[in-house]
2 protein chains.
Amino acid sequence: MKEIGSALRKESLPILTVDVVVLTLDNGQLQVLLHRRPNAPFAGAWALPGGFVRVGEDSDTLAAIQRVLRSKVGATNIYVEQLATYSGEMRDPRGWSLSVAYIALLPKSDLQIVDSPDVALLDTKSLPELAFDHALILKDALARLRGKGAYSTLPAMLLKKEFTLSELQLAYEVVLGEKLDTSAFRRKVGDFEFLEKTGSNSSELSKRPARLFRLKNDVQMFDRTLGRSG
Amino acid sequence: MKEIGSALRKESLPILTVDVVVLTLDNGQLQVLLHRRPNAPFAGAWALPGGFVRVGEDSDTLAAIQRVLRSKVGATNIYVEQLATYSGEMRDPRGWSLSVAYIALLPKSDLQIVDSPDVALLDTKSLPELAFDHALILKDALARLRGKGAYSTLPAMLLKKEFTLSELQLAYEVVLGEKLDTSAFRRKVGDFEFLEKTGSNSSELSKRPARLFRLKNDVQMFDRTLGRSG
DNA sequence: ATAATAGTGTCTGTCAGACAATATGAT
DNA sequence: ATCATATTGTCTGACAGACACTATTAT
């Protein structure tokens, strides 16, 4: 252990961070949570939420990201999965850095963000320049969501625990970026048997109320796709 | 930068490593490269090849893994992709550690390993206990290969640049863990148009020689599967 | 010719998308 | 009744797996 410490210290100390791509759904748009950096580097630029890993406090990087989510999003019980790790001497002007990036999906109603011009949900289809390599991270996150979304119940993580089939279809359409055929969608949802009725109905007035469903299990993969984008 | 350095130094220094799951094909088996650890911790146990990230020397973790591959496998021009990052205070008895894990695929003929009882290619279906969380990493690597293999040309990375359709089918069968139907396989290979003839033929004697093919492009994803295991 | 593997053709059930038709509840 | 949306049914082409068949070369 001593020789490791000294070996690292001889070179410059790596910066160890976690970043998270928080995605949600708002009236037919896939949105990402961004904030304006208050300090250098990239002061004033939009960036993904993140923070340094605190070795003494965080038992691992997942714990670190949970801490970040608690403080910046104010939500618990969110779906989180690791995306990838980005590293190198070029991505942060302060020196060699490594960031473990995560994806978090949640319904907009679970998001508690401060009302500030420096924190915003922005449409993923029209984004500003981002700090560091965050544009790349976000691009990778969207690609992952699109790819995995077609084969899993992942898009349902963008909805409240109870939802109608139309809402579910919309979530898939937004994630996959294309319209889906309703009858094919419902047939497959039925075949895959990953939903259960809640018994109650949606209460959007002045039209026929739809049945509410919830996921039987957590996120689950299929051997075929719901919708395209395989 | 100063405040970061001191913030980290206040807590214990994280150990930063890269590990690689080197997979190859040997007479119908998917094999993984392992070595016996010469030193504590886990001295004598089998482990994945890996090493510390050298911040002064490696421009990023990919460069670090290339360095490890050069020194332990003696091969260049190998297919490498990032798998995931494993971190925490529990996985290494020396303290909080973080390891970025990679997958490398190559034909056995490209592998130059020292002839030593401490370095071996072992069948992935019957493995010994592994050091650290390397069993988990290996399990994740195999799952990734299986999942992605069904939808891509990834299994071809286990073969030499030129191969016959039978060899390609075998690679898929081993990766996916199931027999494939020859006519369906060939039909799809034809449909997807990712191969080109080399003109020459295989020269395994005493039977009908097969045509040799190579990939047109690098690894490429499909919208449908070759074989199951989606 | 025979052995052995390479490579092709066809049949059949399943599944996808398209689109039309029906059901239901609020007004 | 009417509107708007939910929900179901049917038709058709694409595709997968099964399996039998043909082709080609070394011996």
- Query: Quick one: the side chain of R208(A) and the base of dA23(C), do they pair up donor-acceptor inside 3.5 Å?
  - Reply: yes
- Let me know the distance between CD of Q169(B) and P of dA6(C), rounded to the nearest Å. 9 Å
- Item | Within-4.5 Å side-chain heavy-atom neighbours: L69(B) and V22(B) | yes
- Note on the structure: note: L168(A), atom CG; dT7(D), atom P; distance rounded to Å ~ 12 Å
- Message: Pairing donors with acceptors under 3.5 angstrom, does anything connect the side chains of D19(A) and Y86(A)?
- Response: no
- Rounded to whole angstrom units, what separation is found between the NZ atom of K197(B) and the C1' atom of dG7(C)? 12 Å
- Task: Identify, between D181(A) and E167(B), the residue whose nearest nucleotide on DNA chain C lies closer to the 5' end.
- Result: E167(B)
- Roughly, in whole Å, what's the span from CG in N201(B) to P in dA4(C)? 21 Å
- Report the distance from atom CZ of R211(A) to atom P of dA23(C), rounded to the nearest whole Å. 13 Å
- Message: For R187(B) and T182(B), find the nucleotide of DNA chain D closest to each by heavy atoms; which residue's nucleotide sits nearer the 5' end?
- Response: R187(B)
- Side chain of R186(B) (C-beta onward), nearest among dT8(C), dG17(C), dG25(C): dT8(C)
- Task: Please determine, for the side chain of S166(A), which listed nucleotide (dG25(C), dA18(D), dA6(D)) has the closest atom?
- Result: dA6(D)
- Any N/O donor-acceptor pair, S183(B) side-chain to dG17(D) base, under 3.5 Å: no
- Query: Which nucleotide, dG7(C), dG25(C), dC15(C), lies nearest any side-chain atom of R224(A)?
  - Reply: dC15(C)
- Check whether any side-chain N or O of K188(B) sits under 4.0 Å from OP1 or OP2 of dG17(D), and answer yes or no. yes
- Could you tell me the separation between the CD atom of E173(A) and the P atom of dG17(C), rounded to a whole number of Å? 12 Å
- Answer yes or no: is there a donor N or O on one side and an acceptor on the other, between the side chain of R144(B) and the main chain of L83(B), under 3.5 Å? yes
- When rounded to whole Å, the CG to P distance for the pair L180(A) and dC19(C) reads 15 Å
- With S59(B), which residues qualify under side chain to side chain donor-acceptor pair (under 3.5 Å), at least two apart? none
- Within this structure, what is the CZ-to-P distance between F185(A) and dT7(D), rounded to whole angstrom? 12 Å
- Task: Decide whether R214(B) and T198(B) meet the rule of one side-chain donor and one side-chain acceptor closer than 3.5 Å.
- Result: no
